Protein chains: 2
Amino acid sequence: MTRSICYAGDMRKRATAPIRAHPYHHGNLRRALLDAALESIAAAGPAALSLRELARRVGVSHAAPAHHFGDKAGLLTALATEGYRLLAATLREAWERTGNFLDVGVAYVRFSIEHRPYVAVMFRPELYRAGDPALVEARQAASELLYGPLRQLARDDPALDPLRAGLAAWSLAHGFAELWTTGALPPELGDDLEQAARDVLAYLFRPVPPSG
Amino acid sequence: MTRSICYAGDMRKRATAPIRAHPYHHGNLRRALLDAALESIAAAGPAALSLRELARRVGVSHAAPAHHFGDKAGLLTALATEGYRLLAATLREAWERTGNFLDVGVAYVRFSIEHRPYVAVMFRPELYRAGDPALVEARQAASELLYGPLRQLARDDPALDPLRAGLAAWSLAHGFAELWTTGALPPELGDDLEQAARDVLAYLFRPVPPSG
DNA sequence: CATCCGATCTAGACAGTGACAAGATACCAG
DNA sequence: CTGGTATCTTGTCACTGTCTAGATCGGATG
């Protein structure tokens, strides 16, 4: 989470207006609500999310969120979209930096853990509007970055079906991340996520030449 | 779901009492509520679950569920426990019937799809009491059935770390099932779950002898 | 500078929810 | 028949999401 939060008591406001606890216009309420939602989800999951509590925490009235997101589902749709964009950026960076397929998988796992609030929403489509155009576009972009590297790998090994092999890799990374976050994993695995992910992911495509 | 449901208008009641729409004692309210919950979760996910609506659908007062489960979390704890027991039975059956490791994975995927309501609760520990003794026991039993077959496989191939290899298999099956249910998979994969799962799971341990 | 207009936020109200307390009913052991 | 306990009901409370109407601000237009 690299974004900075712009709260109500912003310095810009104080220069022109007398000190007020609650200026009428927040400045960047949309972002503040999203950040508050991420915090809340990190603490108690998306099911326990309360729009009114977000509003309280940010210092606006209970109906203010509705204007920016229309709906609770609207807010979660925005979060999911942002999550898919962030995921796509993460995967692209990993692929361009290492050119290594395994590292993309590890990056996927790391993203799932470090940005758990996003992922907790992204893969619960019943919570948001899964047909939203911006969301669909962001999701497809992220998906493409998962399959792209695989197509390249399939050129070297004709026995590899890029679709199913990619799906296997995606499933493996996704499942490992989910099992890790739900705490379902045995403690003998240790707490070094990076190493554990690498060890486990390596079981896929073992016979494939060094790059994998 | 092999259990039969005992609803309010049971024949036994009618013999001794005049025809009543709502006899005071339901007969098997606990099971009826669990079944209603499964239906509701199948339709709208566990987040949208409403105890009062369950009570209405079963034909009891809004506070009746509290007596059997104490709490909404209590009901979900019961569901998760039951889910883990069912999963354990499914995996055991698959392993004893086929002795094939891949088939256990396929059974896991099939369970995740066919009993989606259970799984939707089981892997969202923030929704229930994850420390509940009965639940912990059921979860460990299911987990053991995932690792057991792997230990046997590791005897043939010393290079196999049973823990991490088992985790890879579990992650792969779990991730595939989750991606399938969220509809995140490309349509080119077809709609034959059994075949798709087999194809994808087969990418793990390819070099391992035929039994895997 | 004055004015208007749209974007942003507030205030109030409503039905629905989970949880709690107190009471009613049914069943069962004695 | 009777007392006691498990089961269920009724009433209530604070809280939530959503809807309505209204207040306030900021910036563009004249």
Side-chain angles (χ1 to χ4, degrees), chain A residues 6-10 12-18 20-34 36-37 40-41 44-78 126-129, chain B residues 6-10 12-18 20-34 36-37 40-41 44-78 126-129:
Chain A
C6 174
Y7 285 112
D10 218 349
R12 287 176 288 126
K13 303 285 175 187
R14 291 193 175 175
T16 62
R20 277 184 60 179
H22 300 286
Y24 210 97
H25 282 81
H26 179 279
N28 202 351
L29 179 55
R30 188 186 150 90
R31 170 96 322 254
L33 286 171
L34 288 174
S40 169
I41 292 171
L49 190 70
S50 157
L51 287 184
R52 288 173 107 108
E53 198 205 317
L54 295 187
R56 253 175 277 140
R57 205 180 323 175
V58 170
V60 295
S61 84
H62 66 264
H67 185 267
H68 287 273
F69 302 102
D71 208 333
K72 189 176 187 177
L75 189 150
L76 292 174
T77 304
E126 76 271 14
L127 295 180
Y128 57 86
R129 279 181 272 277
Chain B
C6 174
Y7 284 113
D10 217 349
R12 286 176 290 125
K13 303 287 176 185
R14 291 192 177 174
T16 62
R20 276 182 62 179
H22 301 285
Y24 210 98
H25 281 81
H26 178 279
N28 202 349
L29 180 55
R30 188 187 152 90
R31 170 95 324 251
L33 285 171
L34 288 175
S40 168
I41 293 171
L49 190 71
S50 157
L51 288 185
R52 288 174 106 106
E53 197 206 317
L54 295 187
R56 251 174 279 142
R57 208 182 319 175
V58 171
V60 295
S61 83
H62 64 262
H67 185 266
H68 286 273
F69 303 102
D71 206 336
K72 189 176 187 178
L75 189 150
L76 293 174
T77 304
E126 76 271 14
L127 295 180
Y128 57 86
R129 281 182 270 279

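Below, read A as the first sequence line, B as the second, and so on, with proteins coming before strands; counting in each chain starts at 1. No experiment lies behind these values; they were computed from the predicted model shown.
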Any protein N or O atoms within reach of nucleotides 12-16 of chain D? Criterion: under 3.5 Å, listing atom names and distances.
{"from": "D/dT16", "atom 1": "OP1", "to": "A/Ser50", "atom 2": "OG", "distance (Å)": "3.3"}
{"from": "D/dT16", "atom 1": "OP1", "to": "A/Arg56", "atom 2": "NH2", "distance (Å)": "3.4"}
{"from": "D/dT16", "atom 1": "OP2", "to": "A/Arg56", "atom 2": "NH2", "distance (Å)": "2.5"}

Discussion item. Could you work out, with side chain to side chain contact (heavy atoms under 4.5 Å, CB included) as the rule, every residue matching B/Ala63, not counting sequence neighbours?
Written reply: B/Ser61

Discussion item. Can you measure A/Leu76 atom CG to D/dG17 atom P for me and round it to whole angstrom units?
Written reply: 10 Å

Fill in: Interatomic distance where CG belongs to A/Asn28 and P belongs to C/dA7 [whole Å]
17 Å

Worksheet item: What is the distance, rounded to the nearest whole Å, between atom NE2 of B/His68 and atom C1' of C/dA19?
Response: 17 Å

Worksheet entry | Distance, rounded to the nearest Å, where B/Leu75 contributes CG and C/dA19 contributes P | 10 Å

Worksheet item: How would you list, by chain and number, every residue that makes a salt bridge (charged side-chain N to carboxylate O under 4.0 Å, His left out) with B/Glu126, sequence neighbours excluded?
Response: none

Item to complete: Check side chain to side chain contact (heavy atoms under 4.5 Å, CB included) between B/His62 and all other residues, then give those that pass, not counting sequence neighbours.
Response: B/Arg52

Practice prompt. Write down the distance between CZ (B/Arg30) and C1' (D/dC8), rounded to a whole number of angstrom.
Written response: 16 Å

Fill in: Qualifying salt bridge (Lys or Arg N to Asp or Glu O under 4.0 Å) pairs, either residue in residues 63-75 of chain B, two or more places apart
B/Asp71-B/Arg129

Worksheet item: Atom NE2 of A/His67 and atom P of D/dT20: how far apart are they, to the nearest Å?
Response: 14 Å

Worksheet item: Between B/Leu54 (CG) and C/dT17 (C1'), how many Å, whole number?
Response: 12 Å

Discussion item. Given D/dC8, C/dC9, D/dT18, identify the nucleotide with an atom nearest to the side chain of B/Ala64.
Written reply: D/dC8

Discussion item. Which residues pass the side chain to side chain contact (heavy atoms under 4.5 Å, CB included) test with B/Ala66, not counting sequence neighbours?
Written reply: none

Worksheet item: Roughly, in whole Å, what's the span from CZ in A/Phe69 to C1' in C/dT8?
Response: 13 Å

Discussion item. Determine whether B/Leu49 and B/Leu127 satisfy the following criterion, side chain to side chain contact (heavy atoms under 4.5 Å, CB included), listing intermediate values before the conclusion.
Written reply: CA-CA 11 Å; B/Leu49 190 71; B/Leu127 295 180; over 6 Å; no

Worksheet item: With a non-hydrogen cut-off below 4.0 angstrom, is A/Ala66 in contact with a base, only sugar-phosphate, or nothing?
Response: nothing

